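Data first, discussion second: the structure below is written as structure tokens.
Sequence lines set the chain letters: A, B, ... in the order given, protein chains first and strands last, and positions in each chain run from 1. As the structure is a computational prediction, the values presented were derived from the model and not from experiment.
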Amino acid sequence: MYTGHFGVALASAGLARRVPLALLILATFACDIIEGFVALNNINDRTRVMSHSLPVAFGAGVVLASLWMLRGGRWLDGLVIVVVASSHTALDFVTGVKEWWPGEPLAGWNLYQRPWLDGALEAGVCLVGWGLWMTALPPAKRRTLLAWAPLVLLLVAQFAAVAYHEWFEVASESGLSKFIR
Amino acid sequence: MSLLERIRWVPILAFAVPALLLVLVDWRAGRRQ
């Protein structure tokens, strides 16, 4: 999943209003960041179990939540960070095929094979996430172009991603990593 | 192959640019604490 993860970060920013969006984005993409570091070490984690399985996603969330709470953050916000990080495994189950739990066979609905359906679903997640984020804005700000910018940005990015896959037939999860050759 | 040659810039920018823009917009929009 691509922009859907941003949608989750926006939704959680609407709920956990004390938590910086940057931290929530870091949590939602922790699995992908770990994937990059695994690949940097020349480890061919073909099933992505070392980066995208639920224990890893949950663990990354616990680490980030702990750091947040060490800085005085509330435990409820920490819980949101853990859920956001763990959601990566669940959302990628919808779009891809991965080893979601160590030792389990590869599984997932692989919506990447139907890019436009994937795009529509991710756009829906972004719409809901943006709507929740909007509730956290001051009423006067909700009517500004700035408030609409995240939705427009994510929809454009998702359309570009779908088009990129369609036209260039780029396999999103092939090779060592989508970030590292 | 050097580190710079190993990096796939398009996917990284596809994540990093929206992330930075969203953080900027969130800050400017003044999300309530």
Side-chain angles (χ1 to χ4, degrees), chain A residues 2-3 5-7 9-10 13-14 16-26 28-29 32-33 35-36 39-40 42 126 129-130 133-142 144-154 156-158 160-161 164 168 170 172-173 175-181, chain B:
Chain A
Y2 172 40
T3 59
H5 294 305
F6 284 114
L10 281 179
R17 298 179 179 182
R18 289 180 179 80
V19 185
L21 183 60
L23 179 58
L24 294 165
I25 290 176
L26 197 62
T28 200
F29 285 111
D32 286 328
I33 294 166
E35 177 192 308
L40 269 179
N42 292 311
C126 290
W130 170 77
W133 174 80
M134 277 277 269
T135 64
L137 298 191
K141 286 280 187 179
R142 291 177 201 165
T144 63
L145 279 176
L146 195 67
W148 286 77
L151 182 63
V152 173
L153 170 72
L154 292 178
V156 168
Q158 184 61 51
Y164 187 70
F168 298 102
V170 173
S172 66
E173 294 176 5
L176 211 53
S177 162
K178 53 187 167 288
F179 304 114
I180 305 291
R181 289 185 182 86
Chain B
M1 195 186 292
S2 73
L3 176 61
L4 282 180
E5 287 171 326
R6 291 184 64 197
I7 292 174
R8 299 177 196 260
W9 287 105
V10 171
I12 285 182
L13 291 175
F15 283 86
V17 171
L20 288 173
L21 290 175
L22 285 179
V23 169
L24 189 64
V25 167
D26 182 60
W27 171 59
R28 291 293 298 158
R31 181 162 52 101
R32 288 188 291 195
Q33 299 294 301

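The shortest distance between side-chain heavy atoms of B:R31 and A:L137 falls below 4.5 Å.
In this structure, no portion of A:A160 lies under 4.5 Å from any heavy atom of chain B. With a threshold of 4.5 angstrom between heavy atoms, A:I25 approaches chain B through side-chain atoms but not through N, CA, C or O. Contact of A:L146 with chain B is made through backbone and side chain together, with heavy-atom distances under 4.5 Å. Heavy-atom distances place no part of A:A9 under 4.5 Å from chain B, backbone and side chain included. At a 4.5 Å heavy-atom cutoff, the contact between A:L40 and chain B is made by backbone and side-chain atoms alike. In this structure, chain A has a heavy atom under 4.5 Å from the side chain of B:V10, while its backbone stays farther away. Neither the backbone nor the side chain of B:L20 comes within less than 4.5 Å of any heavy atom of chain A. Using a 4.5 Å cut-off between heavy atoms, A:T144 does not touch chain B at all.
Interatomic distance, A:T3 OG1 to B:L22 CG, rounded to the nearest 0.5 Å: 10.5 Å. Atom CD1 of A:I180 is separated from atom CD1 of B:I12 by 5.5 Å, given to the nearest 0.5 angstrom.
When every heavy atom of B:V25 is checked against every heavy atom of A:A149, the shortest pair comes out as CG2-CB, 4.2 Å. Here the closest heavy-atom approach between residue A:P138 and residue B:G30 is recorded as CD-O, 3.2 Å. Closest of all the heavy-atom pairs between B:R8 and A:K178 is CD-O, 3.0 Å. Considering every non-hydrogen atom in both A:F6 and B:F15, the closest pair reads CZ-O, 3.4 Å.
The number of heavy-atom neighbours closer than 6.0 Å to CZ of B:R28, taken from other residues, nucleotides and ligands shown, is 12 or below. Applying the 6.0 Å contact sphere to CG of B:L13 captures more than 12 heavy atoms from other residues, nucleotides or ligands.
Applying the side-chain hydrogen bond (donor to acceptor under 3.5 Å, both in side chains) criterion to A:W130, with sequence neighbours excluded, gives no partner residue. When the side-chain hydrogen bond (donor to acceptor under 3.5 Å, both in side chains) test is applied to A:R181, no partner is found at least two apart in sequence or on another chain.
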